[in-house]
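All figures in this text were calculated on a predicted structure; none of them were measured in a lab. One is the number of the first residue; the rest follow in order along the sequence.
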Amino acid sequence: MKVAVLPFLAVLLLSGVGLAVAARRRSTRQGATGEAVRTLPVPSPREGEGLGSKVRALFGHGVGDDTWYRLEELLVRADVGPLAAGDLVARVRADFRAGADPAELLRDELVSALGEDAPLRLPPGELAVVLVVGVNGSGKTTTIGKLASRLVAEGKRVSLAASDTFRAAAGEQLDVWAKRAGAHIVAQDRGADPGAVAFDAVRSASARGADVLIVDTAGRLHTKQPLMDELSKVRRVIEKAGARVEETLLVLDAQTGQNGIVQARAFTEAAEVTGVVLTKMDGSAKGGIVLAVREELGVPVRFVGVARRCDSSSRGRASTSARRGTDGRRSTR
């Protein structure tokens, strides 16, 4: 499953810039060999405009030490974080030449810092388990619905495990998504053991010949160690049932800010996170937290959720209103 989210992310982080969404396209710069330089007009900063416009306005009246300090401040305000912001500014400063577009240089460095795109590990011919974790309200269940819809559209047989047995109506919400996507769901009564649900789901998905099993987990607080231990238990139970967790996706609310670093660190330690899904990017969120997570923890961004769509490509989108399947049943024990 190919994911090409990085250029899209860079444009979101620099919203209002008007840069092209092209994968890792490098801007033409003035260098030692005398290449041409792409220049753009420098607008005056206005309230509410994108980071890119603010960066250009910042460089519009000469470049000095204060300019780089203020650029770092802009990035920190965009939730990039002090460590990642300082490193990013240092790289942009090293590449900057008179007449170059600072916003496009920043875009290029953002794409570079986010790293290469990577497909989800879904080995053919065997059941691939995707564990989805995150705190309450981050958008886990909605993300699972979107991901299931995308995988079904690609021709894969998908099962869902309703292992969030603590939150009211969590199973019912996932059941609606299963029906929309055409996926099978395994659930138990509210309050049941999450590990037991995951165990039954693995056995059921294997028996049905499913390609992918997506496991919803409780939106446990990352500050509650016993609950984090429960995540590790669910992972071990899945392995005892005869499957292997190929991917663990951490769903982060883009509006969380720097607390997202704390969440990512805790979940990475408890569940071996392999990727991040950044949700609610269409709201007031600045989204810089995704760069901080990547720089400080080395966890790649796999998907970006916007409104009622989930973008994993600058060209393709998987709508949440996917076709309704006939096998979206819920089995209860």
Practice item. With rounding to the nearest 0.5 Å, note down the distance linking CG in Leu71 to CG in Leu74. Key: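 CG of Leu74 is found 6.5 Å from CG of Leu71.
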
Any donor and acceptor pair, going by atom type alone, linking the side chain of [X] with main-chain N or O of [Y] inside 3.5 Å?
X      : Y      : answer
Thr217 : Val132 : yes
Thr279 : Leu252 : yes
Asp216 : Ala162 : no
Thr142 : Gly139 : no
Ser206 : Val202 : yes

Review point. Salt bridge between Arg91 and Asp95, side-chain N to carboxylate O under 4.0 Å?
Key: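 Answer for the salt bridge query: no.
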
**Study point:** Side-chain touch Thr165/Asp193, heavy atoms, less than 4.5 angstrom
**Key:**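 Thr165 does not reach Asp193 side chain to side chain.
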
Review point. Relative to each other, are the rings of Phe96 and Trp68 parallel, tilted or perpendicular (30° and 60° limits)?
Key: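 The arrangement is perpendicular - the two ring planes meet at more than 60°.
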
Check your understanding: Per the side-chain contact (heavy atoms from CB on, under 4.5 Å) rule, which among Leu151, Leu131, Val129, Thr143 passes with Ile214?
Key ->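 So, applying the side-chain contact (heavy atoms from CB on, under 4.5 Å) to Ile214 and each of Leu151, Leu131, Val129, Thr143, only Leu151 qualifies.
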
Point to revise | Minimum heavy-atom distance Gly145-Ala181, with the two atoms named | key: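 That would be O-CB, 4.4 Å.
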
Please output the side-chain donor-acceptor pairs of residues 235-251 that fall under 3.5 Å, not counting sequence neighbours, one pair per line with the distance.
{"unit_1": "Arg235", "atom_1": "NH1", "unit_2": "Thr248", "atom_2": "OG1", "d": "3.0"}
{"unit_1": "Arg235", "atom_1": "NH1", "unit_2": "Ala271", "atom_2": "O", "d": "3.0"}
{"unit_1": "Arg235", "atom_1": "NH2", "unit_2": "Glu272", "atom_2": "OE1", "d": "3.4"}
{"unit_1": "Arg244", "atom_1": "NE", "unit_2": "Glu246", "atom_2": "OE2", "d": "3.0"}
{"unit_1": "Arg244", "atom_1": "NH2", "unit_2": "Glu126", "atom_2": "OE1", "d": "3.4"}
{"unit_1": "Arg244", "atom_1": "NH2", "unit_2": "Glu246", "atom_2": "OE2", "d": "2.7"}
{"unit_1": "Glu247", "atom_1": "OE1", "unit_2": "Thr274", "atom_2": "OG1", "d": "2.5"}
{"unit_1": "Glu247", "atom_1": "OE1", "unit_2": "Arg302", "atom_2": "NH1", "d": "3.2"}
{"unit_1": "Glu247", "atom_1": "OE2", "unit_2": "Arg121", "atom_2": "N", "d": "2.8"}
{"unit_1": "Glu247", "atom_1": "OE2", "unit_2": "Arg302", "atom_2": "NH1", "d": "3.1"}
{"unit_1": "Thr248", "atom_1": "OG1", "unit_2": "Ala271", "atom_2": "O", "d": "3.4"}

